[in-house]
Amino acid sequence: MDRRICNVRLTPLIWFIAVMVAGLIAIHCFVMVCWTLKSCGPLTATVTSFGHLFDLNRELNIPSWASSVLIVLVAAACMLVGLAERQQGGSAWPWWGLGVVFAYMSLDEAAELHGLLATDKLALPGMTGAGFAWIVPGLVLAAIIALAYLRWVLRQPAEIRNLFFIAGTIYVTGALGFEALGGLLADPTYFNPAYLVASTIEETLEFLGMLIMLYAVLRRLDMSGLAFEFATPRPGQIVTAKSDIPRKGFGEATTG
């Protein structure tokens, strides 16, 4: 395969996504305050009509779409690292397997597949409603995947290994830890202040953990030496193979 120079720098890309995520979280917090106070000045009508589109605690809206896109970006990056490993004679299957895991997580985020476990038979004691019944199966599945990949993660370069552990810890703390705490704090309306705070922290940690994971996988892609370009070369434009160019950082300009 013809490997080419990537036109997107790693750090600005991550910062761009981080700013977008921070914006969504800020809008969510603003909406929650307006709804709690039942007044938002001249914006009351707008928030009442469109606030649900930015509610992190709901599914099938803009934050859930953004989360799904972020996770699928991680999946795609894992697939690319696997491709690079295969070209270099390494083992691609662990990366491709990880890509499949993240692809399923993206689908679950978009379609709320874990909601299929919301039955009274699986409801947890002390939790408000059956909507939190997926926590135990989710914890078991997360533990199985973590154990299956532990030795492989430990063999990664130190920077990538540490980022994996940080991202995983943050994400699981939000997705399972604060989800469970929210289930304990929620009242039947799911709108009491304690639940809103817990669920907001939960979603924020999920975004943060996945953002760190994306950075980690892209850094590993950079280390693998695989680069690519998003733009189609113009007619007559000379495209230089990666092997003919001195290697620099991910997306950095080269000379010569």
(request) Return the minimal non-hydrogen interatomic distance between Leu184 and Gly126, and the atom names on each side. (result) CD2-O, 3.5 Å
(request) Apply side-chain contact (heavy atoms from CB on, under 4.5 Å) to the pair Ile14 and Leu214, showing each step before the final yes or no. (result) CA-CA 8 Å; Ile14 295 298; Leu214 177 61; 4.1 Å; yes
(message) Under the rule for side chain to side chain donor-acceptor pair (under 3.5 Å), what residues qualify as partners of Glu112, not counting sequence neighbours?
(response) none
(request) Kindly give the heavy-atom pair with the smallest separation between Phe191 and Asp187, and that separation in Å. (result) N-OD1, 3.7 Å
(request) Identify, with sequence neighbours excluded, every residue that meets ring-ring contact (aromatic ring centres under 6.0 Å, His included) alongside Tyr190. (result) Tyr195
(request) Check the pair Tyr171 / Met105 against side-chain contact (heavy atoms from CB on, under 4.5 Å), numbers first and verdict last. (result) CA-CA 12 Å; Tyr171 187 87; Met105 290 173 62; 3.5 Å; yes
(message) Count I, L, V, M, F, W, Y as connected when their side-chain heavy atoms are under 4.5 Å apart, and connections chain through other members. Are Trp15 and Leu13 then in the same cluster?
(response) no
(request) Measure across Ser91 and Pro94 and return the closest heavy-atom pair with its distance rounded to 0.1 Å. (result) OG-CD, 3.1 Å
(message) Do Leu147 and Val101 sit in one hydrophobic cluster, given that two such residues count as connected whenever their side-chain heavy atoms are within less than 4.5 Å of each other, even indirectly?
(response) no
(message) With heavy-atom distances below 4.5 Å as the criterion, would you say the side chains of Pro157 and Arg220 are in contact?
(response) yes
(message) Checking the side chain of Ser199 only, and the main-chain atoms of Leu196 only, is there a donor and an acceptor separated by less than 3.5 Å?
(response) yes
(request) Check ring-ring contact (aromatic ring centres under 6.0 Å, His included) between Tyr149 and all other residues, then give those that pass, not counting sequence neighbours. (result) Trp152
(request) If a pair satisfies ring pair (Phe, Tyr, Trp, His ring centres under 6.0 Å) and one of its residues is in residues 72-94, list it, with sequence neighbours excluded. (result) Trp93-Trp96
(request) May I ask whether Met79 and Ile145 are part of the same hydrophobic cluster, defined by side-chain heavy atoms of I, L, V, M, F, W, Y residues being less than 4.5 angstrom apart, directly or through others? (result) no
(request) Applying side chain to side chain contact (heavy atoms under 4.5 Å, CB included), name anything that partners Leu205, two or more places apart in sequence or on another chain. (result) Ile170, Thr173, Phe178, Ile201
(message) For the CZ atom on Phe16, are there more than 12 heavy atoms of other groups (residues, nucleotides or ligands in this structure) within a distance under 6.0 Å?
(response) no
(request) Identify the two heavy atoms, one from Thr200 and one from Thr204, that lie closest to each other, and give their separation to 0.1 Å. (result) O-OG1, 2.8 Å
(request) Measure the CG-CD distance between Leu60 and Glu109 for me, rounded to the nearest 0.5 Å. (result) 10.0 Å
(message) When you group the ILVMFWY residues by side-chain heavy-atom contacts below 4.5 Å and let the links chain together, are Leu154 and Met223 in the same group?
(response) yes
(message) Checking Val172 now: which residues fulfil side chain to side chain contact (heavy atoms under 4.5 Å, CB included) with it, not counting sequence neighbours?
(response) Leu176
(request) Give, for atom CD1 of Ile160 and atom CG of Leu221, the distance between the pair rounded to the nearest 0.5 Å. (result) 10.0 Å
(message) With rounding to the nearest 0.5 angstrom, report the CD1 to OG1 distance, Ile212 to Thr169.
(response) 9.5 Å
(request) Please examine the side chains of Phe102 and Val217, heavy atoms only from C-beta on, and report whether any two atoms are closer than 4.5 Å. (result) no
(request) Give the intermediate values and the outcome of side-chain contact (heavy atoms from CB on, under 4.5 Å) for residues Gln88 and Ser224. (result) CA-CA 8 Å; Gln88 297 171 3; Ser224 72; 4.3 Å; yes
(message) Strictly distance-based, threshold 3.5 Å: is any side-chain N or O of Asn61 a donor or acceptor partner for the main-chain N or O of Ser64?
(response) yes
(request) Give the cluster check for Phe207 versus Leu211: same hydrophobic cluster or not, with ILVMFWY residues linked at side-chain heavy-atom distances below 4.5 Å. (result) yes
(message) Other residues, nucleotides and ligands only: do more than 12 of their heavy atoms fall within 6.0 Å of CZ on Phe50?
(response) no
(message) Clusters formed by hydrophobic residues whose side-chain heavy atoms approach within less than 4.5 Å: which one holds Leu37, and what are its other members?
(response) Val33
(message) For a 4.5 angstrom cut-off between non-hydrogen side-chain atoms, does Ile25 reach Cys29?
(response) yes
(message) Counting C-beta onward and ignoring hydrogens, is there a side-chain heavy-atom pair between Phe164 and Met213 closer than 4.5 Å?
(response) yes
(request) Would you give the length of the straight line joining atom CZ of Phe54 to atom CD1 of Ile27, rounded to the nearest 0.5 angstrom? (result) 5.0 Å
(request) Indicate yes or no: at least one non-hydrogen side-chain atom of Cys40 is less than 4.5 angstrom from one of Phe30. (result) yes
(message) Under a 3.5 Å distance rule, please check whether Arg161 uses its side chain to pair with a backbone N or O of Gln156 as donor and acceptor.
(response) yes
(message) Strictly distance-based, threshold 3.5 Å: is any side-chain N or O of Asn192 a donor or acceptor partner for the main-chain N or O of Leu185?
(response) yes
Pairs under 3.5 angstrom only: tabulate donor-acceptor contacts from the side chains of residues 65-77 to other protein residues two or more places apart or in another chain.
residue: Ser68; atom: OG; partner: Ser106; partner atom: O; Å: 3.1
residue: Ser68; atom: OG; partner: Ser106; partner atom: OG; Å: 2.9

(request) Look at the side chain of His28 and the backbone N and O of Leu56, then say whether any donor-acceptor pair between them is shorter than 3.5 Å. (result) yes
(request) Kindly determine whether Met210 and Glu206 satisfy side-chain contact (heavy atoms from CB on, under 4.5 Å), including the steps that lead there. (result) CA-CA 6 Å; Met210 200 54 61; Glu206 289 182 16; over 6 Å; no
(request) Apply ring-ring contact (aromatic ring centres under 6.0 Å, His included) to His52 and list each qualifying residue two or more places apart in sequence or on a separate chain. (result) none
(message) Taking transitive links into account, so neighbours of neighbours count too, which hydrophobic residues share a cluster with Leu107 at under 4.5 Å side-chain distance?
(response) Tyr104, Leu113
(request) Could I get the full list of side chain to side chain contact (heavy atoms under 4.5 Å, CB included) partners for Ala180, not counting sequence neighbours? (result) Met127, Ile135
(message) Using side-chain heavy atoms (C-beta onward) and a distance below 4.5 Å, is Leu43 in contact with Cys34?
(response) no
(message) Suppose we screen for salt bridge (Lys or Arg N to Asp or Glu O under 4.0 Å). Which residues come up paired with Arg58, at least two apart in sequence or across chains?
(response) Asp55
